[in-house]
Participant: 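Quick one: this structure, given as structure tokens, is what I'll be asking you about.
Every chain is numbered from 1, with letters handed out A, B, ... down the list of sequences. The shown structure was predicted, so the numbers you read here are calculated from the model rather than taken from an experiment.
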Amino acid sequence: MSTDNHGWQPLDAAFDWVAMEERVLERWRAGDVFARSVRQREGAEPYVFYEGPPTANGRPGVHHVLSRVFKDIFPRFWAMRGRYVDRRGGWDCHGLPVELEVERQLGISGKPEIEAFGIAEFNARCRESVLEYLEEWERLTERIGFWVDTDRAYKTMDATFVESVWWALATMWDRGLVFESDKVVPYCGRCGTALSSHEVAQGYKDVDDPSVYVRFPLTAEPGTSLLVWTTTPWTLPSNQGVAVRPDVTYAVVARDGERLVLAEELVAHVFPDGADVVERRPGADLVGATYEPPFGFIPGKHVVIPADFVTTADGTGLVHLAPAFGEDDMEAGRAHGLDSPNPIDRQGRFTAQVPTVTGLFAKDADSILIDDLRERGRLLRVETYTHSYPHCWRCGRPLLYYAKPSWYVRTTAVRDRMLEINAGIGWNPEGIRDGRFGKWLEGNVDWAISRERYWGTPLPLWRCEGCDHVEAVGSFARLNERAGRAADTEFDPHRPYVDDITIPCAQCGATAHRVPEVVDVWFDSGAMPFAQDHYPFAIDSLEGLVPADFICEAIDQTRGWFYSLLAESTLLFDQGCYRNVVCLGLILDGDGQKMSKSRGNVVEPWSVIDTQGADPFRWYLLTAQSPWDASRFSVDAVNDSRRALLTLWNTYVFLVTYASLPDGWAPGGDDPAVAGRPASDRWILSRLDGLVDRVTARLEDYDTLGAGRAIDAFVDELSNWYVRVSRSRFWGGRQGEAGAGADGGAAFATLHECLVTVATLLAPFCPFLADEMYRTLVAAHDPDAPDSVHLVDWPTTRGHADPELERSMAAVRTVVGLGRFARAESKLKVRQPLAEAVVACPPAVARDIAPLVGLVEDELNVHAVRFVTDPGELVEVTVKPNYRTLGPRFGKSMPAVAAAVAALDPAATARAVDGGEAVTIAVDGADHHVEPADLLLTASSTEGYAVGQDAGVAVGLATDITPPLRLEGLAREVVHAVQNARRDAGLRVEERIRLHLDGSGLLREAIDAHRDAIAADTLATALTVAHGAPFAGVHHDEMVLDGEPLALRIDRA
RNA sequence: GGGCGAUUAGCUCAGUCGGUUAGAGCGCAUCUCUGAUAAGGAUGAGGUCCCUGGUUCGAAUCCAGGAUCGCCCA
């Protein structure tokens, strides 16, 4: 390591963010940093994280980056806090999306074609297809700095994973929690499977359906018909009954020689042109009446029954019942002895039972059936009805509600327990607990877990072909034992192999075959807490693995993974399996539209990473808005975030630049103790302690926005105040340059500590930038230090908090801000020195500022600061009540209090307040004491001064520019001009020069008067002033300063 | 149709316990600094805090109703 740059690595001339990140990535790879960061905490208290497995058969999008960044930051934070955070990736492998993709690849469609193709080969293709984009996912995961162990990632298709799921299902079966039932389910004829409610949820679309009013002639009253309304004409052939509400009044309407029965309330709605109501009867009177069904193909009772679900919100108040095609219909039908005939086959097509539409897809039969009704005079009217109707979330076909046998998990048995567990979960945002998720749990219904598909975890149930006895098999070993097979290490538990294995029925000895269904993929992902480690086969305890401290997914998982995790954990272990959830909002495009492939508005993550870098991307996602609200995303927004980080980077570059100079500085030397450092140093270190507290608390609360803002605010203070006021102290290294004070070491040490601490706090947010800074600032100088910021401990406060000093500095910053404003108002450049600033403020504020008055002088470029304790000299003081403190005390009397306060003598009150004395006011005829804290003093300016003002403080400037001040100002102009020239000449900041100046008489007078200062500021070892040009130099220029011509020449010394 | 959430500057978003002058960044305008330069700073313009009503001494904030958007569910 060379000594002339104090061990500092040279910075790149041009900073390339993306290249920097790739270098850091390479160091992580080479140094195995992630693995070491986990390993070094072995034995410590675990912080458990679960990766909700994505499916890798599509490309990752921006929303995946969002969730992966949130999945990353908290494990990083807790690892730095000392916890053992093993992070294991996972991939969701099964399911219909994979099958559909393979169908597309093969150019086939539907179950018959799949079976003709062959299940074995089909599933083999699924196995390949599901990981098609695995490499891209892994590449993105690494590139965005999401630290998760992808080498050990669990896959839900692994035999070990499947076996754990079998164990779970068999355990539930043994406890009577799995059952088969003929229920109406949302069914996709195209995909040939029932859909779970969370799948249905994904497919609602607004569609136009026919809305038909049909006559159901009453058997006992010729010429009188029930008027029945439905939006699903295809269910009319299956009609078995009509439901009425007993307590509703029904009207008989006479019309064109016929009589129609419908709910009285709806007469005007159905007949907007008016109708002749000839009779009224309660719904109860209609019960038991029989009628002619709309179609004669299917026999049935065709009777009116009572039901409470009937409403008079729309339709006719007479509800057509086809028990096979509606949950309400099924229940009501069962209660009244109706059958549930189903003339729709498993492909969603009509069977020969309905000859006119045999072979047609159910919904496609609507128009033919309507025509048939019309021809037979049974149709009163047909309209178009726009409503939201569920469609298959993958293939887009409308779903049918359809009665068929399905396997269920009895989640309703643990509904109350799930609610109880939910109450203890830390939801972010909190409202999810009692809102979306709680409501969902309250309305819990049994979970339909079977799918009549191919690529999934086979349901481990064997049914006897003789006596229908069902046996659940909870492990491969058990299966082998029951089937009399030899153990097979290569055993693939998927279809079709597992279908070929039979076992003898335990009841009757006949052959039992596996039931054909596979398991809902959500059951797979919900099983990951125990299945990822092959519990209970490979391990016998979940200690340290359950529950998770933290999981994070988008809000659409409330009824997906968040639910399946909770349901399975509660059913199996009677406990929850996650303590804290961060529930992310949706990412919308720049126009507020949801990103979707079909809209073509998906932003490709790589386009952001390759142009902006991963850290700016992360910083944006973590700190630009509340993560749970939907947000609009655009590359420009990320660019703004990047600029915020650049301020920190510039501050870092500043330190490294000056520390690397020949007379620079390096950490680890003999720096002054903090107590002995200048006030500005102690101030920023006090602020730093506050930052550490704040960021720690915010991250413990899963609040990245609050933590990020705190960092932002600190970086701004560090760069735009601390560095600004301390700049000259960095010239000349540890000893300090002549005239710049001898505390350069303190300045370097202070800035260094700030940057190292900020880098450490930033590590979970922006792991690349943080590590690059840390490596340069710490690791490169200290061979004993960890070689990555991700291996160090989270910062703690160092006892530097100094509230008094912070208050003083706040007052100084106020005064400087006001002074600058005053300068701007009077058009006096800061370069022009002025004799005096007059600060009018309460004595307490003056006392705060006094120790830092030199800062005020420097920043405002004034020779002196004078405090005026009687503010009347500069400003008029007004006294206002502090509503926050007085409001609760006086309540309704506040207007009177405000009036009384306004009537006080401002100057006298101000003195009293400053002296800490209570003031007496008369309110409603009684005297009350109000404390100083109950009053707010406000200043407003009087005429005649350049004044800036804020609450309680005003700053005026003496605007008179005397001849000496004029010369001083010109000298500063000259320095300014030379500095610009140095830059134009391309000189290094520390390079010494010879300087030759020529100019007007006044300028030469100014140069003479401030010769040493000019030479020192411009690093001129020689300064000549004369007409003519004594040397050619590397640069020469001529200009006019404040009306005075100047010529300058520069050469290297 | 129901539940949940959102609506604040031209744009993207904060806003704690209800407190009287509602903030930030970007953009725009004017100015400025520069021994951090692919930077920095100051100031300004810009607001019906979606609407209506209510509670309160006081409402962006709490309540009710409505509008629009989104998500979830029927």
Participant: Produce the list of close N/O pairs, under 3.5 Å, pairing protein atoms with atoms of nucleotides 59-62 of chain B; give distances to one decimal.
Facilitator:
none

Participant: Measure from the side chain of A:Gln979, starting at C-beta and using heavy atoms only, and say which of B:G19, B:C71, B:G35 lies closest.
Facilitator: B:G35

Participant: For A:Tyr620, which residues count as a ring pair (Phe, Tyr, Trp, His ring centres under 6.0 Å) partner, sequence neighbours excluded?
Facilitator: A:Phe633

Participant: List the residues meeting ring pair (Phe, Tyr, Trp, His ring centres under 6.0 Å) with A:His976, not counting sequence neighbours, and say none if there are none.
Facilitator: none

Participant: Indicate the atoms forming the closest heavy-atom contact of A:Thr657 with A:Val653, along with that distance.
Facilitator: OG1-O, 2.5 Å

Participant: Measure from the side-chain heavy atoms of A:Leu1019 and tell me the nearest of B:C72, B:G35, B:G19.
Facilitator: B:G35

Participant: Using the C1' atoms only, state how far B:G23 lies from B:C49, rounded to an integer number of Å.
Facilitator: 12 Å

Participant: Closer to the 5' end of RNA chain B via nearest nucleotide, is it A:Lys892 or A:Arg709?
Facilitator: A:Arg709

Participant: For the side chain of A:Thr651, counting heavy atoms from C-beta on, which of B:C57, B:C13, B:A36 is nearest?
Facilitator: B:A36

Participant: P atom, B:U43 versus B:A24: distance in rounded Å?
Facilitator: 9 Å

Participant: Nearest to the side chain of A:Asn720, heavy atoms from C-beta on, is which of B:A36, B:G41, B:G19?
Facilitator: B:G41

Participant: Can you tell me which nucleotide in B:C71, B:C57, B:G41 comes closest to the side chain of A:Pro895?
Facilitator: B:C57

Participant: Only one of A:Arg727, A:Arg813, A:Arg724 passes salt bridge (charged side-chain N to carboxylate O under 4.0 Å, His left out) with A:Glu859; say which it is.
Facilitator: A:Arg724

Participant: Can you tell me if A:Asn650 touches the phosphate of B:A39, counting only side-chain N or O atoms and a distance under 4.0 Å to OP1 or OP2?
Facilitator: no

Participant: Can you name the residues that form a side-chain hydrogen bond (donor to acceptor under 3.5 Å, both in side chains) with A:Arg698, not counting sequence neighbours?
Facilitator: A:Asp701, A:Asp703

Participant: If you check the A:Val723 side chain, which of B:C72, B:A36, B:G19 turns out closest?
Facilitator: B:A36

Participant: So which nucleotide from B:G35, B:A36, B:G19 ends up closest to the side chain of A:Ser719?
Facilitator: B:A36

Participant: Starting at NZ of A:Lys439 and ending at P of B:C72, how long is that distance when rounded to a whole Å?
Facilitator: 17 Å

Participant: Kindly say whether A:Val656 contributes a backbone atom to a donor-acceptor pair with the side chain of A:Ser660 at under 3.5 angstrom?
Facilitator: yes

Participant: For the residue pair A:His752 and A:Trp8, categorise the inter-ring angle as parallel (less than 30°), tilted (30 to 60°) or perpendicular (more than 60°).
Facilitator: perpendicular

Participant: Using the P atoms only, state how far B:A9 lies from B:G15, rounded to an integer number of Å.
Facilitator: 15 Å

Participant: Rounding to an integer number of angstrom, what distance separates B:G27 and B:G19 when you compare their C1' atoms?
Facilitator: 33 Å

Participant: I'd like to check the salt bridge (charged side-chain N to carboxylate O under 4.0 Å, His left out) partners of A:Glu442; sequence neighbours left out, ordered by chain and number.
Facilitator: none

Participant: Considering only atom P, compute the distance from B:A39 to B:G18 and round it to an integer number of Å.
Facilitator: 44 Å

Participant: Just jot down the side-chain contact (heavy atoms from CB on, under 4.5 Å) partners of A:Ile555, sequence neighbours excluded, or say none.
Facilitator: A:Ile432, A:Arg436, A:Cys583, A:Leu586

Participant: Going by the rule side-chain contact (heavy atoms from CB on, under 4.5 Å), which residues pair with A:Asn422 if we only count those two or more places apart in sequence or in a different chain?
Facilitator: A:Ile425, A:Trp427, A:Arg433, A:Phe437, A:Leu441

Participant: Go through the structure and list residues passing side-chain contact (heavy atoms from CB on, under 4.5 Å) with A:Asp934, not counting sequence neighbours.
Facilitator: A:Thr885, A:Leu886, A:Arg889, A:Val930, A:Glu931

Participant: Could you check which of B:A36, B:G41, B:G3 has an atom nearest any side-chain atom of A:Arg727?
Facilitator: B:A36

Participant: When the P atoms of B:C11 and B:A74 are compared, how many Å lie between them, rounded to an integer?
Facilitator: 36 Å

Participant: Give me the stems containing RNA chain B, sorted by first residue, counting only three or more consecutive Watson-Crick or G-U pairs with both distances under 3.5 Å; say none if there aren't any.
Facilitator: B:1-7 with B:67-73, B:10-13 with B:23-26, B:28-32 with B:40-44, B:50-54 with B:62-66

Participant: When rounded to the nearest Å, what value does the distance between P atoms of B:C63 and B:G5 take?
Facilitator: 10 Å

Participant: Could you check which of B:G3, B:A36, B:G41 has an atom nearest any side-chain atom of A:Asp716?
Facilitator: B:G41

Participant: For A:Leu860 and B:G41, give me the distance from atom CG to atom C1', rounded to whole Å.
Facilitator: 14 Å

Participant: If I take atom CG in residue A:Asp858 and atom C1' in nucleotide B:G41, what distance separates them, rounded to the nearest angstrom?
Facilitator: 17 Å

Participant: P atom, B:C17 versus B:C62: distance in rounded Å?
Facilitator: 10 Å

Participant: Closest nucleotide of RNA chain B for A:Leu718 versus for A:Thr885: which of these residues is on the 5' side?
Facilitator: A:Thr885

